[in-house]
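First up is the structure itself, then whatever we jot down about it.
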Amino acid sequence: MHCSRLFLPTLKGDQPRLTPWTGMMVRAGMIRFAGDGDCYVLPAGRRVFDNIGCLFQTAFSRLGAHELLFHGHDAFALLLQEIKSYKMLPFAVQRRKISTTPVRRPSFGLAFAQHRLCLEMTAVAESTSDIGQIESTLREYIHSLLSDLGICSSLVSASPGEEQWMLVLPYDKGDTDWYECNGCGQKALDWCVQVARDDMPVKTETSELKRLYTPGASTMAILCEQVGIPLEATLKTMVYVREDGMPVLAMVRGDREVDVRRLTSAAGGSCRAATQAEIEEITGAPCGFAGPCNLPHKALLVLDSALAHASGLVAGANEADYHLGGLVPGRDFIPDVISTIRKATPQDRCVCGCTMTSHRGFGLITGSRFILTGMKVQGRSGTLQELPALSVSVDVNRVVEATARFALDERGFNWPKSVAPFRCAVIAVTVREASVLEQASKIYADLQRAGLHTLLDDRDVGLGAKMADSDLLGIPIRMLVGPQGLQHGYVEMACRTGGEREQVKLSEAVDLVLKKVQPDIQTI
RNA sequence: CGGGGCGUAGCGCAGUUUGGUAGCGCACCAGCUUUGGGAGCUGGGGGCCCCGGGUUCAAGUCCCGGCGCCCCGACCA
């Protein structure tokens, strides 16, 4: 590519309001942001996207995943339509798609853009062990790819069982929280980490049920102040509505919060917070006095496991300005479900009893194993059976951002060679001298012919700018063709990684470059 | 919901106290000199100073009212 014809708008100064690596990508003319936070990927950036995407596609292809192109359906609909017999198994497909996540506030980064490029692989197989085999091979490939890209991610569990997982990258401004046990090593997302039952309600002198007059105590803090009890001795009742319209009362200890995702799996359907009007309708009392007893309507009572054996609690009475004291779950009300529905906190302990460390970051790759319901295929024995399936999705935006983050240095990016937007930059020191441009063009043509993505810098700008741009983009090899060297038949060669510059004979230059730029990430 | 800040060229900002020709840096355009680490000089283009009303001979600036954006704090019944 001739630099003078490439849309490569590099910039000089620091970019405000961006992380260093994102700002550097903007400076390098790889990306631009729209006002709403959406991202334009420019030609140089697109090459990085393509290179990284290609590594994963190759990994998928190694597992036999066929490359498809389609939108608006999920891959299973196709499998459902096409797989007729076990003889076609295992069967896998892959595609690229744009995943759209609504963002509340725009944040200017690749990782949190509203539209992100994802690579998705979907596989079905005859048995769960076959799927497990595919999954573990794929994880191995992915693990080695990520480490070649310089990314240190960790594998966390993303479901209460082991069937969903996520590769996450620590980052303090991430959108995902997870916990790691300091003892058994359990790593899981915050809403599915298994925590020890934490039943430490304060024993009160009496557990005799009584009605307390608590005027205006519409929050736990006011209530505790009035009644003179600690938050730990209260039972907080949060009102939700299940997707089918069923009211759900979620009860946790007063100092804890309800985790909606945990609640969703406990209540057997997706739940949303009730509006104020709904709360009044469901509990028959103003907002702030909800409780599990004396409800005017049927509601699903979901109790956090930590309170299952508590007694002497204080909870709302479903009546304005009244609470109930001395409440005992199981005696004064019967919960429909007892489950861990509170949000995990760093104070929680792992099921093994050890302390846990909380982490924040973002997910790069997600995977999940499941049985494909509604799809039955004739097996060896002749009977119809449901198929185990695997779905893995690589968020290319995020992998690119993570790679950029670790490749960043003072001058720009020091990409792995396989990722760099060009393998080699041929810089014509001045384009005003015909012989210089001519020699540079010749070397460029030879390298292109040899199959090497090369950038010929033929712009009429100062040498400093050309060198700076080459470093900024992170092109692994830079060849300088200038009048001084040409007089003696030499060009200068330098690597992005090390500073040493070599004078090489014009006639040997091309061969030397070809020797130096063997790809550093083996894909096949 | 409360407190604070901001709104002026594509971007980043000064100018508002004390009303008087619309400014600076970067970017952009033209030309010349340059070219071994982001060049220099000269010239140039570009504005509903967030919107609406008011005071005034005169408002980016003062007054009233909107709108929008950002930060901090509170917000689990």
Side-chain angles (χ1 to χ4, degrees), chain A residues 9-18 23 26-29 32-37 105-108 214 216-224 231 234-240 247-260 263 273-292 304 314-323 341-343 345 410-412 427-433 436-437 457-473 478-487 490-494 499 501 503:
Chain A
T10 54
L11 301 172
K12 221 156 83 176
D14 287 338
Q15 301 303 307
R17 290 197 308 263
L18 296 175
V26 171
R27 275 185 62 188
R32 285 291 187 272
F33 288 106
D36 62 2
R105 247 182 275 176
S107 61
F108 296 84
T214 53
S218 58
T219 68
M220 291 328 255
I222 304 174
L223 174 69
C224 292
L231 266 177
T234 60
L235 177 144
K236 182 164 70 183
T237 309
M238 301 290 291
V239 186
Y240 290 81
V248 176
L249 298 194
M251 289 164 280
V252 295
R253 213 170 65 179
D255 59 327
R256 305 300 291 262
E257 297 193 1
V258 173
D259 188 321
V260 183
L263 179 65
T275 64
Q276 197 151 340
E278 283 170 328
I279 293 174
E280 289 174 13
E281 159 71 19
I282 292 165
T283 65
C287 191
F289 297 93
D304 183 57
V314 176
N318 296 322
E319 188 183 346
D321 295 337
Y322 283 95
H323 279 77
I341 55 167
R342 63 185 184 277
K343 259 186 192 152
T345 71
E410 325 73 57
R411 291 174 299 155
I427 296 180
V429 170
T430 169
V431 294
R432 302 285 174 94
E433 239 172 274
V436 172
L437 188 56
D457 199 334
D458 57 345
R459 294 174 300 171
D460 186 13
V461 297
L463 176 66
K466 299 185 191 191
M467 309 258 264
D469 283 351
S470 163
D471 287 344
L472 202 54
L473 279 169
R478 182 226 301 153
M479 186 176 290
L480 222 54
V481 183
Q484 292 171 18
L486 280 185
Q487 273 181 4
Y490 283 92
V491 293
E492 181 192 292
M493 197 162 93
R501 302 170 183 186
Q503 299 296 320

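Scope of the values below: all heavy atoms of this structure, side chains included, with no hydrogens, waters or symmetry mates. Throughout, a chain's letter reflects where its sequence line sits, starting with A, and its residues are numbered from 1.
One finds the CZ atom of A/Arg27 at 8.0 Å from the CG atom of A/Leu11 (value rounded to the nearest 0.5 Å). Distance check: A/Met467 CE to A/Asp469 CG gives 11.5 Å after rounding to the nearest 0.5 Å. Rounding to the nearest 0.5 Å places CG of A/Asp304 at 9.0 Å from CZ of A/Arg253.
Here the P atom of nucleotide B/rC11 and the CZ atom of A/Phe33 are 16 Å apart, to the nearest Å. Rounded to a whole Å, the CE atom of A/Met479 is 19 Å from the P atom of B/rG37. Rounded to whole Å, atom C1' of B/rC26 lies 13 Å from atom CG of A/Asp14. The CG-C1' distance, from A/Leu263 to B/rC76, rounds to 13 Å in whole Å. Rounding to whole angstrom units, OH of residue A/Tyr490 and P of B/rG36 are separated by 22 Å. A/Leu249 has its CG atom 14 Å from the C1' atom of B/rC76, to the nearest Å. When rounded to the nearest whole Å, the span between CG of A/Leu486 and P of B/rG36 equals 15 Å. Atom CG in A/Asp471 sits about 16 Å away from atom P in B/rG36, given to the nearest Å.
Within the 4.0 angstrom heavy-atom criterion, no nucleotide atom of any strand lies near A/Arg32. In this structure, A/Arg459 reaches neither bases nor backbone, as no heavy-atom distance under 4.0 Å exists between it and the strands shown. Counting non-hydrogen atoms under 4.0 angstrom, A/Thr10 reaches a base of the nucleic acid. Across all strands, A/Gly254 comes closer than 4.0 Å to no nucleic acid atom at all (heavy-atom distances). Among the protein residues, A/Gly13 comes within range of no part of the nucleic acid, since none of its heavy atoms lies under 4.0 Å from any strand.
In a base pair of the Watson-Crick type (N1 to N3 plus N6-O4 or O6-N4) or a G-U wobble (N1-O2 and O6-N3), with each distance short of 3.5 Å, B/rU61 is matched with no nucleotide. B/rG43 and B/rC29 make up a base pair, with Watson-Crick or G-U wobble contacts both under 3.5 Å. Under the Watson-Crick or G-U wobble criterion, with both distances below 3.5 Å, B/rU55 is left unpaired in every strand shown. When both distances must be under 3.5 Å, the Watson-Crick or G-U wobble mate of B/rG38 does not exist. Nucleotide B/rC24: paired with B/rG12 (Watson-Crick or G-U wobble, both distances less than 3.5 Å). Judged by Watson-Crick or G-U wobble contacts below 3.5 Å, the nucleotide B/rG73 has B/rC1 as its partner.
Partners of A/Tyr490 under the ring pair (Phe, Tyr, Trp, His ring centres under 6.0 Å) rule, at least two apart in sequence or in another chain, do not exist in this structure. A/Glu280 pairs by the side chain to side chain contact (heavy atoms under 4.5 Å, CB included) definition with A/Gln276, not counting sequence neighbours. With sequence neighbours left out, the salt bridge (Lys or Arg N to Asp or Glu O under 4.0 Å) criterion links A/Glu433 to no other residue.
For the pair A/Ile427/A/Leu463, a side-chain contact is recorded, criterion being any heavy-atom separation below 4.5 Å from C-beta on. Looking at A/Val26 and A/Arg32, their side chains come closer than 4.5 Å, going by heavy atoms from C-beta outward. Within the 4.5 Å cutoff, the side chain of A/Glu257 has no heavy atoms near those of the A/Val252 side chain. Side-chain contact between A/Val239 and A/Glu278 is absent, with no heavy-atom pair separated by less than 4.5 Å. Under the 4.5 Å side-chain criterion, counting only non-hydrogen atoms from C-beta, A/Leu235 is in contact with A/Pro292. Side-chain contact between A/Arg256 and A/Thr345 is present, with heavy atoms from C-beta onward closer than 4.5 Å.
Between the C1' atoms of B/rG40 and B/rA59, the separation comes to 41 Å (whole Å). Taking atom C1' on both B/rG15 and B/rA22, the two are 9 Å apart, rounded to the nearest angstrom. Straight-line distance between the P atoms of B/rU8 and B/rA58: roughly 26 Å, to the nearest whole Å. The same atom, P, is picked in B/rC1 and in B/rG60; the two are 34 Å apart, to the nearest Å. For the P atom pair drawn from B/rG46 and B/rG37, the interatomic distance equals 38 Å after rounding to whole Å. Nucleotides B/rG45 and B/rG65, compared at atom C1', are 37 Å apart to the nearest Å. Of the C1' atoms belonging to B/rU56 and B/rG12, the separation is 34 Å, rounded to the nearest Å. Nucleotides B/rC32 and B/rC26, compared at atom P, are 22 Å apart to the nearest Å.
For the pair A/Gln484 and A/Pro286, both in contact range of RNA chain B, the more 5′-proximal nearest nucleotide belongs to A/Gln484. Between A/Cys287 and A/Leu480, the residue whose closest nucleotide on RNA chain B is further toward the 5' end is A/Leu480.
Minimum heavy-atom separation, A/Leu231 to A/Thr234: O-OG1, 2.6 Å. Here the closest heavy-atom approach between residue A/Ala428 and residue A/Leu437 is recorded as CB-CD1, 4.2 Å. For A/Phe289 against A/Thr214, the heavy-atom pair with the smallest separation is CE2-O, 3.8 Å.
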Might you list the N or O atoms of the protein lying below 3.5 Å from N or O atoms in nucleotides 27-29 of chain B, with each pair's distance?
none

Nucleotides 41-46 of chain B: which of its N/O atoms have a protein N/O under 3.5 Å away?
none

Using a cutoff of under 3.5 Å, can you pull out all pairs of nitrogen or oxygen atoms linking the protein to nucleotides 30-35 of chain B, with atom names and distances?
unit_1: B/rU34; atom_1: O4; unit_2: A/Arg432; atom_2: NH1; d: 3.2
unit_1: B/rU34; atom_1: O4; unit_2: A/Arg432; atom_2: NH2; d: 2.5
unit_1: B/rU35; atom_1: O2; unit_2: A/Val461; atom_2: O; d: 3.1
unit_1: B/rU35; atom_1: O4; unit_2: A/Arg432; atom_2: NE; d: 3.1
unit_1: B/rU35; atom_1: O4; unit_2: A/Arg432; atom_2: NH1; d: 3.4

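For A/Met467, whose side chain is taken as the heavy atoms from C-beta onward, the closest listed nucleotide among B/rG38, B/rG37, B/rG36 is B/rG37.
Side-chain atoms of A/Arg501 stay outside donor-acceptor range of the base of B/rG36, with no qualifying N/O pair under 3.5 Å. The base of B/rG38 does not come close enough to the side chain of A/Arg411 for any donor and acceptor atom to sit less than 3.5 Å apart.
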